[in-house]
Each structure stands twice: as structure tokens, then as C-alpha cells.
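Side chains are part of it too, since the values below use all heavy atoms of this structure and drop only hydrogens, waters and symmetry mates.
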Amino acid sequence: MNSNFEFKDGDLHGVKIIKPFYMEDNRGYFLKSIERDVFKEVGIEADIYEDFESLSKKDVIRGLHFQTRCPQIKIVRAIRGRIKDVLVDLRKESATFGQSMAIELSQDNHLSVLVPAGMAHGFRVLSEEALVSYKCIGKYLKDFDSGIVWNDKELGIDWGIDEPVVSERDKKHMTFAQFKAEYGGL
């Protein structure tokens, strides 16, 4: 395997924490976030369908988002700032169904997280602002874009904040109980 990258398993089945190739000198830094053949060696088919980023202010929570049909795989990284990145396993056949995990992603640790298909994803901005990159494997289907409310009681995610900045759309997401009743799982 190429030693430029390091891959570790996350706390949920199928999640990968990715340490990219990174070098720094007096000019600045160089970071390679994806190399298709290296990713393929560890079972990640990195056929990127879309690539986008968001800029958010301190204490913003985005999420918990997922797609109910043809769920996407996401590779998420904080390019600038720090975030608490949260994943929830929605795969009904998974040993970690209904469980969540959190990891800090930052401009200093350079880590990325691979969010497998069938997981809800969200994050909280810990720094004054954060620029977050999402590389998505699989097509975005607007009609199947959905989410679970960030403060769902059953999931009990500790975001470390009681009154975050949350979009009106994200405030209206379903609960985990409603998700299970409607879909059973992904």
C-alpha cells in the first residue's frame, strides 16, 4: 500500500478516518486528499460525482442529512477551521444501526472521514468559522434528500451546545423514531 495515506477504521461499521499525504515547508503546504488507486486498495471506489464546500460560522450545526434512495458516500474534510463531525448509522442490517460517532476534523489535523452510504451526516463548527469540503460518490437526488433533527432525544448526540445556529430546514427534519417507522432503515 502507498505510504502517503493512512486509513483507520472509525467507531461505526464501514467508516474510515483518512490521513492524507501532507507536506509543509517555508512556502506553505501540499495536501493530496484522494488518490484513486490507493483508495481502491482499501475498498473505497473514489468515483467522485460531485465536489462542493460550505462556509459556516461558529456554533452552526448542519445536519443530520442523508438520501433515502441511492444514498451517497461522502468524504468530508475541514479545509479551514475546526468542526465536530457526526455520523449516524441508518443501515438496518448494520451491527451499528442507530449508533453515532463524532470526530474532530480541522485544518491542523488534515483528517478526512469517509461517510458510507446509508449514514446520516452533520457537523458543528467549533472555530470562528469553518470551510468544509464534501466529495460525494453517487448522484444527488433532490427528491430523496432528507434528514433527522440534530437534537433527536433517542440518538442523544452530545453536540456540546444547547442553542446552536440551525437552518429552518434542519429544524424540521424527522426524528429517528419517525425515520424507523417510515423507512425501517436504509
Side-chain angles (χ1 to χ4, degrees), residues 1 5-20 33-34 38-50 54 60-78 82-106 109-126 130 132-138 140-141 144-161 164 166 170 173-186:
M1 175 171 307
F5 289 87
E6 291 178 28
F7 298 87
K8 288 176 40 180
D9 291 332
D11 294 338
L12 301 177
H13 179 71
V15 173
K16 296 280 187 208
I17 310 303
I18 305 164
K19 183 177 178 186
S33 63
I34 291 181
V38 174
F39 276 49
K40 190 173 186 172
E41 287 178 25
V42 296
I44 302 169
E45 292 291 336
D47 186 14
I48 306 301
Y49 195 87
E50 54 186 1
S54 66
V60 163
I61 290 180
R62 292 184 184 259
L64 298 158
H65 303 140
F66 60 94
Q67 197 162 275
T68 58
R69 181 179 285 174
C70 303
Q72 293 177 302
I73 298 168
K74 296 177 182 173
I75 300 172
V76 181
R77 181 169 73 92
R82 292 183 317 121
I83 63 171
K84 177 178 189 168
D85 204 67
V86 175
L87 293 72
V88 178
D89 194 343
L90 302 179
R91 301 166 299 174
K92 61 184 163 193
E93 304 301 324
S94 172
T96 55
F97 175 74
Q99 295 178 28
S100 65
M101 67 167 275
I103 182 171
E104 185 172 306
L105 304 177
S106 74
N109 69 19
H110 312 292
L111 297 176
S112 296
V113 64
L114 175 97
V115 181
M119 290 204 178
H121 173 262
F123 65 85
R124 173 187 168 207
V125 178
L126 302 171
V132 178
S133 165
Y134 312 74
K135 296 181 184 335
C136 298
I137 300 166
Y140 172 70
L141 303 173
F144 300 99
D145 185 21
S146 192
I148 293 174
V149 68
W150 70 275
N151 59 350
D152 181 84
K153 301 286 188 237
E154 184 177 351
L155 293 176
I157 297 166
D158 181 6
W159 292 95
I161 189 170
V166 180
D170 285 357
H173 284 316
M174 69 183 99
T175 65
F176 186 55
Q178 290 169 322
F179 166 77
K180 290 186 293 186
E182 185 168 344
Y183 299 100
L186 297 180

Problem - Donor-acceptor under 3.5 Å (Arg91 side chain, His13 main chain) - result: yes
Fill in the blank from the handout: Heavy-atom nearest pair, Leu111 first then Leu105, reads O-CD2, 3.6 Å
Completion exercise
Residues at least two apart in sequence or cross-chain that pass side-chain contact (heavy atoms from CB on, under 4.5 Å) with Ile157, listed by chain then number, are Leu64, Val86, Val88, Ser100, Leu155, Trp159
Exercise for the section: Could you please spell out the steps behind the side-chain contact (heavy atoms from CB on, under 4.5 Å) verdict for Ile103 and Val15? Expected result: CA-CA 11 Å; Ile103 182 171; Val15 173; over 6 Å; no
Practice task
Test Arg62 against Ile83 for side-chain contact (heavy atoms from CB on, under 4.5 Å), laying out the working first.
Solution key: CA-CA 11 Å; Arg62 292 184 184 259; Ile83 63 171; over 6 Å; no
Exercise for the section: For Glu50 and Cys136, indicate whether the former's side chain and the latter's backbone hold a donor-acceptor pair under 3.5 Å. Expected result: no
Problem - NZ on Lys40 to CD on Glu45, rounded to 0.5 Å - result: 5.0 Å
Exercise for the section: Locate the shortest heavy-atom distance separating Ile17 from Gly10; write the atom from each residue and the value. Expected result: CG1-CA, 4.3 Å
Problem - Exercise: identify the closest heavy-atom pair between Ser146 and Thr68 - result: CB-CG2, 3.9 Å
Practice task
List the atom of Ile137, the atom of Ile48, and the distance in Å for their closest heavy-atom pair.
Solution key: CG1-CD1, 4.0 Å
Practice task
Could you tell me the separation between the NE2 atom of His173 and the CG atom of Asp152, rounded to the nearest 0.5 Å?
Solution key: 12.0 Å
Exercise for the section: Please work out which of the three classes, parallel, tilted or perpendicular, describes the rings of Phe179 and Phe66, given edges at 30° and 60°. Expected result: perpendicular
Practice task
Tell me, please, which residues at least two apart from Tyr49 pass side chain to side chain donor-acceptor pair (under 3.5 Å).
Solution key: none
Handout entry: Heavy-atom pair of closest approach, residues Pro71 and Gly118
Key = CB-N, 3.4 Å
Problem - Spacing of CD belonging to Glu104 relative to CG belonging to Asn109, to within rounding of 0.5 Å - result: 6.5 Å
Practice task
Could you check His110 against Lys19 for side-chain contact (heavy atoms from CB on, under 4.5 Å), going step by step and ending with a plain yes or no?
Solution key: CA-CA 7 Å; His110 312 292; Lys19 183 177 178 186; over 6 Å; no
Problem - Spacing of Phe39 atom CZ and Leu114 atom CG [to the nearest 0.5 Å] - result: 8.0 Å
Completion exercise
For Ile148 and Thr175, the nearest pair of non-hydrogen atoms, with its separation, is CG2-C, 4.1 Å
Practice task
Nearest 0.5 Å please: distance from the CZ atom of Phe5 over to the CD atom of Glu41.
Solution key: 11.0 Å
Handout entry: Arg69 (side chain) donor-acceptor with Leu141 (main chain) under 3.5 angstrom
Key = no
Practice task
Please work out whether the ring planes of His121 and Phe123 are parallel, tilted or perpendicular, with thresholds of 30° and 60°.
Solution key: tilted
Handout entry: Approximate separation, where rounding is to 0.5 Å, of Ile34 CD1 and Lys135 NZ
Key = 5.5 Å
Problem - Intermediate values then yes/no, side-chain contact (heavy atoms from CB on, under 4.5 Å), Tyr134 and Val115 - result: CA-CA 10 Å; Tyr134 312 74; Val115 181; over 6 Å; no
Practice task
Please tell me if the side chains of Val132 and Arg77 come closer than 4.5 Å, counting only heavy atoms from C-beta onward.
Solution key: no
Exercise for the section: For Lys84 and Asp158, indicate whether the former's side chain and the latter's backbone hold a donor-acceptor pair under 3.5 Å. Expected result: yes
